[in-house]
Q: 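My questions will all concern the structure given below.
Every chain is numbered from 1, with letters handed out A, B, ... down the list of sequences.
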Amino acid sequence: MIQVKLPDGTVKEYADGSTALDVAMSIGERLAQATIAAEVNGTVVDAMRPIDELAEGDGPIELSLLTTRDAKALGVLRHSCAHVMARAIMRLFDGVGLAFGPTTGNGFYYDFDLATPISEDDFPKIEAEMQKIVKEAEPFERFSMTRDEAVTFCRDLNQELKCEHIETGLADYDSLSFYRQGEFVDLCRGPHIPDAGRIKAFKVLSVAGAYWKGDASNRSLQRVYGTAFFSKDDQKEYLAQLEEAKRRDHRVLGKQLGLFNISNDVGQGLSLWLPKGATVRALLEEFIKKELMARGYQPVYSPHIGRVEMYETSGHFPYYRESQFAPIFGHDAGQLVDYWIRRSQEGDLSTEDEQQIAHTAELMGCGCACDALKAPSVDDKVNVLHTWEKTQERYLLKPMNCPHHVQMYKSQPRSYRDLPVRLAEFGTVYRHEASGQLNGLLRVRGLTQDDAHLFCTPEQVEAEFKDTLDLVKFVLESVGLDDYRIQLSKRDPNSDKYVGSDELWDNAESTLRRVLEESGLNFTECEGEAAFYGPKADFMVKDCIGREWQLGTVQLDYNLPARFDLEYIGADNKPHQPVMIHRAPFGSMERFVGMLIEHFAGAFPLWLAPEQIRICPVTDKALDYAEKVQQRFRREGFRVTIDRRSAKVNAKIRDAQLDLIPYMLIVGPKDEEQNAVSLRDRIAKEGETGGTDLGMMPIDAAVARLKEEVNALRVRQVVKSQFRSFETTDDEEQHEY
RNA sequence: GCCACCGUAGCUCAGUCGGCAGAGCGACGCUUUCGUAAAGCGUAGGUCCUCGGUUCAAGUCCGAGCGGUGGCUCCA
């Protein structure tokens, strides 16, 4: 007999080998029907699995039944649905290799190694096959075998990737579990739903490429995404919310509201800020400039290009070469010589090709080409070419502002009394992001950071870091962005991409952690996400469909000061090295405004709205008075337009409402008589839709009311997205499947 | 960059089997002069992404390129 303790505290006895389903049945048949899985001693397991397999010690086994109402059960359902999809695809295609098939926040995917491309056109037949499997409602049966047996078993099934995974990823496990459903068998940790009939709604959503184990050097797989629910209504609701979420996409709203434009005629990833978008940006810049002045920052400006040597010193070049625009060479042959150097270093240049390159370089006026060709070794050749290169001018479109600011720090001797020095600039940088990464304003190739670099003594680091964190928080709060996550991005101790000693890194990381802890902010730590020069505290925000993006960042840097030999004279009259803090509260203006558009669903608060007020004359006869009202509001500093169409006032109101204008002024003869306006608020009263008629009031009263709202930077409404994406389980867990 | 899909009027989109290029909204004109979410009528607007191929004939079929979307990888 086994003792089972239920969540309400009661302890009952059951026969050995009883399953959660048996327990459910003993309580009631309807409960048994609703039971999807169980949680035994805190682990989610199959409802059909004997409970005593999971007993720990002598005490009663803690059991809670997971029914269709539990979020954890939904995860189990979706993973089982991934198996159903894989089974369907194996029936429809030959030679399907199975990789991983985990759940995600909103559904599941399964990766397949399959030569035939799966396209969206295949979805209906995949879904039809899945429907058959669901209808058959066969059970998921669990069984285990030893590692050796498992490898042989998978090899017999022609499941190479599973074999590889057993031998590498699962090397620590002696016994491995499999699940069988009809003819389909898969290495899988589980758990699963009792039978496929529990899947009441599912949909194959998309197909994409993915790399085996997430490594771009591995073979590429086809990843098919889908989702599943316990009821058709739930799925319908989810899909509707997803559609709704896409309507607040900043690219859609940016076009609709005339905020920005990205045109191929200008270039991929190069944004054009149209007047309305530029107004939002300018207001944000003005807002933060004021705050920076108050916090002791000094404005600086730097050019858009800088010598390559400077970025070699900083380490940005050639480390990030692949994601930078090619250098600008002062000499015609510069690019060619550069290419020659790289190919020589790679060692795959044929003699014939090299002679051709040398000849062309010579022709273009590169005096060293002959010498380089005659050099006895690759090193010597590269040396000759490098020496020549360095006598030529080479510029880089700046990928970061820090080297420029470092040079400003260096432009004069510094005393400890001068520190901290805080240099701030809206610095525009250019990065050659791979084309597949570009995404509206959220990922662009030319971006402006609200950047600043703080140079301080080691003793000042904590206070300065704390102040910058406070600044980022202040900035986000002022626009009502409270749904963010803070991530402490640390180095990956097993990687060599970072500069500086382990001691410096440990020191920097623990300083960041300490200040974050002291500030009482919630944060998670993440290895391998640091910048190459130092750890960061990143502020992460989700876009309309739940993808996470980094906005604000505060970075601690002991390395660039060393690389550039920065110093200040201390109280001891000896030189010391300052510490640098890089920080950008918005991150970039592009990404921040992009996120802000989605945050507000295009409906900016009054202080940020590009068009704050629209005057809607009741008839053309009221146009003259409308002009007078516009003049007055303009003089008071408002951005105000007049709808001059001869349409009915209802139509004008409707359009202003759809254009998300915060306030409308309805003006007609009645208003003119009393030197008044009729104010309409875009925001509806609680529980109503549409806007609110605030009634007729003297112009002065309307001006005062709106001025107060602007000056307070009031955020009256953030249209909450109905769409929620769920946290995904971490990778390690996913790969257990 | 990789995989899949997509590219038609300013916007959103339809276009069947290869056979005259379409709708709604917007813009413009005329009529209407209206008080809190859409007045009526009319007009203009096209390199069907680009280049090449197949064909009597290509928006439609084929190839290449450019661009976009979703995902992967990357992200100073």
Q: Mind checking if Q449(A) touches a base, just sugar-phosphate, or nothing, with heavy atoms under 4.0 Å?
A: nothing

Q: Does H453(A) form a side chain to side chain donor-acceptor pair (under 3.5 Å) with N401(A)? I'd like the steps, not just the answer.
A: CA-CA 9 Å; H453(A) 294 92; N401(A) 301 303; over 6 Å; no

Q: Write down the partner of G63(B) under the Watson-Crick or G-U wobble criteria, each distance required to be under 3.5 Å.
A: C51(B)

Q: Report which part of the nucleic acid Q550(A) touches: base, sugar-phosphate, or nothing (heavy-atom distance under 4.0 Å, all strands).
A: nothing

Q: Does any nucleotide pair with G24(B) by Watson-Crick or G-U wobble geometry, both distances under 3.5 Å, and what is it?
A: C11(B)

Q: From the list A37(B), A76(B), U31(B), which nucleotide is the closest neighbour of the side chain of S646(A)?
A: U31(B)

Q: Determine whether a donor-acceptor pair (N or O, by modelled atom type, separation under 3.5 Å) exists between the side chain of Q630(A) and the backbone of V640(A).
A: yes

Q: Give the nucleotide from the list G71(B), U12(B), G1(B) with an atom nearest to the side chain of K255(A).
A: U12(B)

Q: Name the nucleic acid region contacted by R443(A), choosing base, sugar-phosphate or nothing; use a 4.0 angstrom heavy-atom cut-off, strictly under.
A: base

Q: Under 4.0 Å, heavy atoms only, any strand: does N650(A) hit a base, just the sugar-phosphate, or nothing?
A: sugar-phosphate

Q: Base, sugar-phosphate, or nothing: which does S678(A) touch, judged by heavy atoms less than 4.0 Å apart?
A: base

Q: Can you tell me the Watson-Crick or wobble partner of A58(B), both distances under 3.5 angstrom?
A: none

Q: Using a cut-off of strictly less than 4.0 Å, decide whether Q222(A) has a side-chain nitrogen or oxygen near OP1 or OP2 of C3(B).
A: no

Q: Please report the distance, rounded to the nearest Å, between CZ in R645(A) and P in U31(B).
A: 18 Å

Q: Taking the P atom in each of C66(B) and A76(B), what is the distance between them to the nearest angstrom?
A: 27 Å

Q: Below the 4.0 Å mark, does U73(B) have OP1 or OP2 next to a side-chain nitrogen or oxygen of Y211(A)?
A: no

Q: Could you check whether K652(A) gets within reach of a base, just the sugar-phosphate, or nothing at all, counting any heavy atom under 4.0 Å?
A: nothing

Q: Heavy atoms under 4.0 Å, any strand shown: does P117(A) hit a base, just sugar-phosphate, or nothing?
A: sugar-phosphate

Q: Measure from the side-chain heavy atoms of R431(A) and tell me the nearest of A76(B), A38(B), G70(B).
A: A76(B)

Q: Remember a base hit wins even if backbone is also touched, and classify D671(A) as base, sugar-phosphate or nothing at under 4.0 Å, heavy atoms.
A: base

Q: Would you say W212(A) and D111(A) make side-chain contact, with heavy atoms under 4.5 Å?
A: no

Q: Can you find a side chain N or O atom of R547(A) that sits less than 4.0 Å from OP1 or OP2 on G70(B)?
A: yes

Q: So if I take every side-chain heavy atom of L658(A) and compare against A37(B), C34(B), G70(B), which nucleotide ends up nearest?
A: A37(B)

Q: Taking any strand in view, what nucleotide pairs with G18(B) in a Watson-Crick or G-U wobble way, both distances under 3.5 Å?
A: none

Q: In whole Å, what separates the P atom of C49(B) from that of C11(B)?
A: 13 Å

Q: With a cut-off of less than 4.0 Å, is there a side-chain N or O of R251(A) near OP1 or OP2 of G70(B)?
A: yes

Q: What is the nucleic acid contact for R680(A), judged by heavy atoms within less than 4.0 Å: base, sugar-phosphate only, or nothing?
A: base

Q: Between atom CD in E548(A) and atom C1' in C74(B), what is the gap in whole Å?
A: 16 Å

Q: Can you tell me, in whole Å, how much space there is between the C1' of U54(B) and that of C62(B)?
A: 7 Å

Q: Side chain of V618(A): nearest nucleotide among A76(B), G1(B), C34(B)?
A: C34(B)

Q: Verify the contact: side-chain N or O of Q268(A) to OP1 or OP2 of G68(B), cut-off strictly under 4.0 Å; return yes or no.
A: yes

Q: Mind checking the C1' distance from G7(B) to G19(B)? Whole angstroms is fine.
A: 24 Å

Q: Contact between F465(A) and L556(A) at the side-chain level, heavy atoms closer than 4.5 Å - yes or no?
A: no

Q: Report yes or no: is the ring centroid of Y533(A) under 5.5 Å from the six-membered base ring centroid of A76(B), with the two planes under 30 degrees?
A: no

Q: Would you tell me if any nitrogen or oxygen in the side chain of N218(A) comes within less than 4.0 Å of OP1 or OP2 on C72(B)?
A: no

Q: For Y110(A) and C3(B), what is the distance between atoms OH and C1' respectively, to the nearest whole Å?
A: 19 Å

Q: Using the side-chain heavy atoms of I666(A), tell me which of these nucleotides is nearest: U36(B), A4(B), C74(B).
A: U36(B)

Q: Could you give the distance separating G63(B) and C5(B) at their P atoms, to the nearest angstrom?
A: 12 Å

Q: Hey, what's the ring geometry for Y484(A) with F539(A), parallel, tilted or perpendicular (30° and 60° as the breaks)?
A: tilted

Q: Sticking with atom C1', work out how far A64(B) lies from G70(B), rounded to a whole angstrom.
A: 24 Å

Q: Compare the minimum distances between each of C72(B), U32(B), A38(B) and the side chain of R223(A), then state the nucleotide with the smallest one.
A: C72(B)

Q: With both distances under 3.5 Å as the test, what is the Watson-Crick or G-U wobble partner of A37(B)?
A: none

Q: Roughly how far, to the nearest 0.5 Å, is CG of D249(A) from NZ of K255(A)?
A: 11.0 Å

Q: So N264(A), base contact, sugar-phosphate only, or nothing? Heavy-atom distance under 4.0 Å.
A: sugar-phosphate

Q: Quantified in whole Å, what is the P atom distance between nucleotide G42(B) and nucleotide C51(B)?
A: 37 Å

Q: Between G10(B) atom C1' and N261(A) atom CG, what is the distance in whole Å?
A: 12 Å

Q: Give none if C72(B) has no partner; otherwise give the nucleotide forming a Watson-Crick or G-U wobble pair with it, both distances under 3.5 Å.
A: G1(B)

Q: Using whole Å, report how far CG of D681(A) lies from P of U36(B).
A: 17 Å

Q: Hey, does A210(A) reach any base, or is it just sugar-phosphate, or nothing, if we go heavy atoms under 4.0 Å?
A: sugar-phosphate

Q: Whether R223(A) engages the ring of Y109(A) as a cation-pi pair (distance to the six-membered ring centre under 6.0 angstrom, angle to the ring normal within 45°) should be assessed.
A: yes

Q: Can you tell me if the side-chain N/O atoms of K670(A) get under 4.0 Å from OP1 or OP2 in C34(B)?
A: no

Q: For the pair made of CG in D643(A) and P in U36(B), what is the distance, rounded to whole Å?
A: 16 Å

Q: Suppose you measure atom C1' in G45(B) against the same atom in G29(B); what distance do you get, rounded to whole Å?
A: 14 Å

Q: Pairing donors with acceptors under 3.5 angstrom, does anything connect the side chains of H165(A) and K213(A)?
A: yes

Q: If you only use heavy atoms from C-beta on, which nucleotide in A4(B), G1(B), A39(B) is closest to the side chain of Q437(A)?
A: G1(B)

Q: When the distance from CD1 of I262(A) to C1' of G67(B) is rounded to whole Å, what number comes out?
A: 12 Å

Q: Considering every strand and a 4.0 Å limit on heavy-atom distances, what is the contact class for A216(A): base, sugar-phosphate, or nothing?
A: sugar-phosphate

Q: Is S323(A) touching bases, backbone alone, or none of the nucleic acid, heavy atoms closer than 4.0 Å?
A: base

Q: Would you indicate which nucleotide in A76(B), U33(B), C72(B) comes nearest to any side-chain atom of K621(A)?
A: U33(B)

Q: Could you tell me if S217(A) and D215(A) have a donor-acceptor pair between their side chains, going purely by distance under 3.5 Å?
A: yes

Q: Decide yes or no for K276(A) and L257(A): does some side-chain heavy atom of the first lie under 4.5 Å from some side-chain heavy atom of the second?
A: no

Q: Identify whether any heavy atom of K398(A) sits under 4.0 Å from a base atom; if not, whether one sits that close to sugar-phosphate; answer base, sugar-phosphate or nothing.
A: nothing

